[in-house]
Amino acid sequence: MKGMSVALDEETIRERAVAFLAGHDPGDRLEFLRARFDAGLAWVHFPEGLGGLGAPRELQNVVERELAGTPQLDTGVQGIGLGMAAPTILTFGTEEQRGRFLRPLWTGEEIWCQLFSEPGAGSDLATLGTRAVRDGDEWVVDGQKVWTSGAHHSRWAILVARTDPDLPKHRGLTYFVCDMHAPGVEVRPLRQITGEAEFNEVFLTGVRLDDSLRLGEVGDGWRVAQTTLMNERVAIGGAPVRRGGGMVGVVAETWRSRPELRTHDLHQRLLRLWVEAEVTRLAGARLREQLSAGQPGPEGSGMKLSFASLNQALSGLDVELRGEEGLGYDDWTFRRSDSVDFFGRGPGYRYLRAKGNSIEGGTSEILRNIVAERVLGLPSEPRVDKDVPWKDLPR
Amino acid sequence: MTLLYTEVEEELRASVRDLLADRCGSDAVLRRVESASPYDMDLWKTLSREIGVAGLLVPEEYGGAGASAREVAVVLEELGRAVAPVPFLTSSVLATSALIGTGDELLGRLAAGEVTVALAVSFAASPYRPAGSVTVRDGVLSGQVRAVAGADVADVLLVPAGGGLYAVDTADATVEAVASLDLTRPIATVTLSSAPGREIAGADVRRALVTGAGLLASEQLGVAEWCLGTTLAYIKERHQFARPVGSFQAIKHRMADLWLDVVRARAAARNAADLLAAVPHIATDAAGAAAAEAGELAAAVAKSWCSEVALRVAEEAVQLHGGIGMTWEHPVHLYLKRAKSTEIALGTPGAHRDALAVLADLPAPA
Ligand SMILES: Cc1cc2nc3c(=O)[nH]c(=O)nc-3n(C[C@H](O)[C@H](O)[C@H](O)COP(=O)(O)OP(=O)(O)OC[C@H]3O[C@@H](n4cnc5c(N)ncnc54)[C@H](O)[C@@H]3O)c2cc1C
């Protein structure tokens with residue numbers, strides 16, 4: 001019963017998961033996922049009725065263990081929805097918005113993308129120029145977004161647009177859910193250095209969005225976007241849980257199975273990177289422990305930085321190590337990708353795709369600024385862009 | 001297993017930190033290292049007897065606290081943070097670990113803080129290269145060991161010779177302190193000329209070196225944390241070009257990278273302490289052997305990573321302090337010297353990485 005607080009301990013959650021499994025057929029993937037959401041076993045830390053039980057976040061592991069053999073989410077394609085849109089909708093959405101969006105987002109019936117970056121606004125996201133102008137109960141959106149991963153199969157997008165150009169840049173922004181099927185939304189693939197098109201440019205021309213698609217107050221878009229970005233960066237993405245797993249496991253496997261490739265120099269570098277991978281894995285494990293003990297450390301801000309440089313170094317070593325094979329490439333075909341199949345592709349692909357790790361979701365330079373200022377408390381550089389109306393900024 | 005600190009560990013940390021704040025400030029350490037007795041044996045007495053750190057590793061049946069490598073690691077963090085000139089690592093960690101499975105009578109006296117012991121191997125020895133140039137005949141030992149840390153304040157020396165380990169009264173040996181790079185943990189030359197030794201059956205020097213290396217990583221973490229914190233405070237204060245020097249991005253990015261290195265050093269050091277704590281005193285079965293191997297791997301990872309991080313942060317600390325960092329008066333040099341010495345001590349980073357070729361199954365080229 002809602003409002004009544006049942007002590008939600010590990011055992012209770014486990015029992016619920018077991019009972020759920022006994023009563024539902026995992027054979028029908030979609031029905032199974034929908035029922036799982038309705039049973040509050042999607043993300044247990046979400047409120048009741050929204051796929052959760054209002055339980056501590058770490059108890060999700062209990063559910064995952066019990067339901068390990070059942071249909072799983074496609075975290076590649078659903079990544080932006082699950083990792084960024086969902087926490088933002090939960091924090092800023094109305095009752096209606098939460099009820100409308102979260103279930104199909106979780107089950108994967110509706111895919112989400114992120115319409116933040118623009119040709120003129122990347123690291124400096126707050127300088128973005130896509131306009132949203134009010135027209136009665138609707139907003140009319142005009143502008144161009146870029147590097148939009150997965151826009152080609154998305155039903156919805158999280159969108160930040162400028163609603164008041166006369167205010168300083170951080171204050172004139174508003175956050176919307178954008179209907180990717182609305183007239184005026186045009187998605188064009190952008191070919192990446194890997195050959196395929198994972199991301200797109202998205203042109204928004206006279207796109208009409210109902211005011212009910214606004215997330216948060218008018219002018220409060222920057223604050224709402226911070227929630228999205230924090231969730232994006234804290235996601236310990238790609239962190240292997242197992243010793244010697246992930247990218248270092250791939251290189252180690254090549255090393256073990258191909259003795260003829262070994263040289264002393266490569267050996268020294270491999271051992272060095274193996275140690276770095278291991279300490280980075282341990283730092284991730286320690287961070288997860290801190291989070292589940294309810295003491296979120298500032299360590300989260302830095303993990304992505306470590307993983308990016310490590311992934312790049314390891315994938316580079318993997319290509320070099322393979323010698324002649326490293327001169328080849330698996331597939332340059334220009335095509336839309338459904339998902340990032342990092343480990344399923346060849347070493348050349350991994351090397352090239354990993355280059356994006358230090359750019360996507362905040363560049364490594366920007367993340368260093370964040371660590372220095374928010375974690376270490378160092379002063380920011382003198383700024384010239386903070387109090388000037390957006391329309392008067394040099395560009 | 002946990003990589004976090006338990007409440008008990010935090011309490012232990014607090015009592016050590018309080019004592020050191022009171023008795024082991026940087027001025028005191030600077031004065032001490034130039035005096036005739038660079039080790040602070042009064043402080044050591046309080047630490048070992050009143051706080052009881054000397055008996056942490058000693059099993060309860062021999063009068064110790066029956067604690068584990070985890071608690072020892074926390075004490076080492078604090079001692080590193082203060083570059084405290086006390087023989088905890090050499091007596092309560094290295095020497096005690098060598099004796100742990102033996103039930104020798106020294107254990108009880110170590111725990112009570114009655115004796116200070118040193119393992120008479122070079123501080124530059126590693127678990128992978130068996131040390132020992134001392135010969136033994138009918139329990140009488142002869143030979144010389146150089147660069148022994150903590151020997152000049154030890155009452156008893158544990159000397160590896162002829163495949164065994166011998167207890168030798170320091171009074172029966174010649175221990176000569178030498179000028180040392182690390183002023184806060186000076187080394188000495190130990191000379192034995194027909195010194196009587198008592199053989200200790202079942203002692204394990206290799207185990208001591210593995211434990212010592214893995215836990216030294218926690219001391220290095222303490223050194224790194226002090227250097228990072230002190231440098232941060234300084235660059236927030238120090239103004240040039242009408243701004244704090246810590247507001248320049250070239251410096252902020254370096255600090256962010258150092259911080260990430262230290263975050264990972266903490267995880268690595270905690271992991272080593274945790275896995276070394278899980279190694280049984282006498283490994284007789286397969287599970288014990290597996291735990292010993294896991295401890296060895298974790299120690300190799302922690303020592304190789306933390307050595308380099310402590311040194312990097314200490315070197316950056318000197319650089320970012322400018323001229324003041326180059327002075328004798330500012331304590332940062334004590335940390336640099338400690339960091340540089342511990343890089344070599346108990347296996348260099350490279351030696352530990354080489355060991356991973358076997359431990360992590362990454363074989364060297366033929
Ligand atoms: C694979 C991939 C997928 C992406 N997916 C999406 C997506 O789905 N949705 C979306 O909205 N965006 C997405 N992005 C965009 C990404 O967020 C931006 O590329 C990123 O924020 C950088 O912006 P920018 O490309 O304009 O580079 P810029 O901001 O122009 O940066 C250029 C260089 O200058 C450096 N720089 C900039 N400012 C500073 C500063 N203050 N101090 C020091 N250095 C600085 C940067 O670090 C970088 O090296 C994706 C990017 C990639 C590579």
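Heavy atoms only: backbone and side chains are in, while hydrogens, waters and symmetry mates are out. In what follows, chains are A, B, ... by sequence order, proteins preceding strands, each numbered from 1.
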> When only pairs under 4.5 Å are counted, which of B:Q249, B:M255, B:R254 shares the most heavy-atom pairs with chain A?
Replying inline: B:Q249
> Does the distance from a Lys or Arg side-chain N to an Asp or Glu carboxylate O, for B:R264 and A:E276, drop under 4.0 Å?
Replying inline: yes
>> Quick one, B:L260 with A:V371, criterion side chain to side chain contact (heavy atoms under 4.5 Å, CB included). Give me CA distance, side-chain angles, the key distance, then yes/no.
In response: CA-CA 9 Å; B:L260 267 176; A:V371 166; 5.7 Å; no
>> Looking only at heavy atoms and a cut-off of under 4.5 Å, which of B:A268, B:A302, B:A360, B:G350 has the most pairs with chain A?
In response: B:A360
>> Between A:E260 and chain B, with a heavy-atom cut-off of 4.5 Å, which part of the residue counts as in contact: side chain, backbone, both or neither?
In response: neither
>> Counting C-beta onward and ignoring hydrogens, is there a side-chain heavy-atom pair between B:P349 and A:R272 closer than 4.5 Å?
In response: no
> Taking C-beta and beyond as the side chain, do A:P379 and B:R243 meet within less than 4.5 Å on heavy atoms?
Replying inline: no
> Should the heavy atoms of other residues, nucleotides or ligands under 6.0 Å from CD of B:E293 be counted, would the total exceed 12?
Replying inline: no
>> Counting neighbours of CZ on A:R258 that are heavy atoms of other residues, nucleotides or ligands and sit closer than 6.0 Å, is the number greater than 12?
In response: yes
> Counting heavy-atom pairs under 4.5 Å to chain B, which of A:N369, A:L270, A:L305 comes out on top?
Replying inline: A:N369
> Which residue pairs pass the ring-ring contact (aromatic ring centres under 6.0 Å, His included) test with at least one member in residues 208-246 of chain B, sequence neighbours excluded?
Replying inline: B:W226-B:Y335, B:Y234-B:H321
> Do other residues, nucleotides or ligands put more than 12 heavy atoms under 6.0 Å from the CH2 atom of A:W147?
Replying inline: no
> To the nearest 0.5 Å, how far apart are OG1 in A:T280 and CH2 in B:W305?
Replying inline: 6.0 Å
>> Counting heavy-atom pairs under 4.5 Å with chain A, which one of B:P365, B:G246, B:A298, B:A267 comes out on top?
In response: B:P365
> Any side-chain heavy atom of A:L376 within less than 4.5 Å of one from B:K236?
Replying inline: no
>> How close do A:A372 and B:A256 get, counting heavy atoms only, and between which atoms?
In response: N-CB, 4.4 Å
>> With rounding to the nearest 0.5 angstrom, report the CG to CG distance, B:L362 to A:L273.
In response: 11.0 Å
> When only pairs under 4.5 Å are counted, which of B:D354, B:D261, B:L228 shares the most heavy-atom pairs with chain A?
Replying inline: B:D354
>> The test is side-chain hydrogen bond (donor to acceptor under 3.5 Å, both in side chains); show your working for B:T2 and A:E289 and say whether it passes.
In response: CA-CA 8 Å; B:T2 172; A:E289 267 199 76; 2.5 Å; yes
>> Need one label for A:E381: side chain, backbone, both or neither, based on atoms under 4.5 Å from any heavy atom in chain B.
In response: both
> Tell me, side chain or backbone of B:P244 under 4.5 Å from chain A's heavy atoms, or both, or neither?
Replying inline: side chain
> Hey, does B:V301 have a side-chain heavy atom less than 4.5 Å from the side chain of A:V279?
Replying inline: yes
> Counting only heavy atoms not in A:E11, do more than 12 fall under 6.0 Å of its CD?
Replying inline: yes
> Do the side chains of A:R368 and B:K252 get nearer than 4.5 Å, heavy atoms only?
Replying inline: no
> If you measure from NE2 on B:H253 to CG on A:L367, what distance do you get to the nearest 0.5 Å?
Replying inline: 9.5 Å
>> For a 4.5 angstrom cut-off between non-hydrogen side-chain atoms, does B:L297 reach A:R243?
In response: yes
> Can you tell me how far CG of A:L287 sits from CG of B:L3, rounded to the nearest 0.5 angstrom?
Replying inline: 11.0 Å
>> Let me confirm one number: the CH2-CG distance from A:W274 to B:D361, rounded to the nearest 0.5 Å.
In response: 10.0 Å
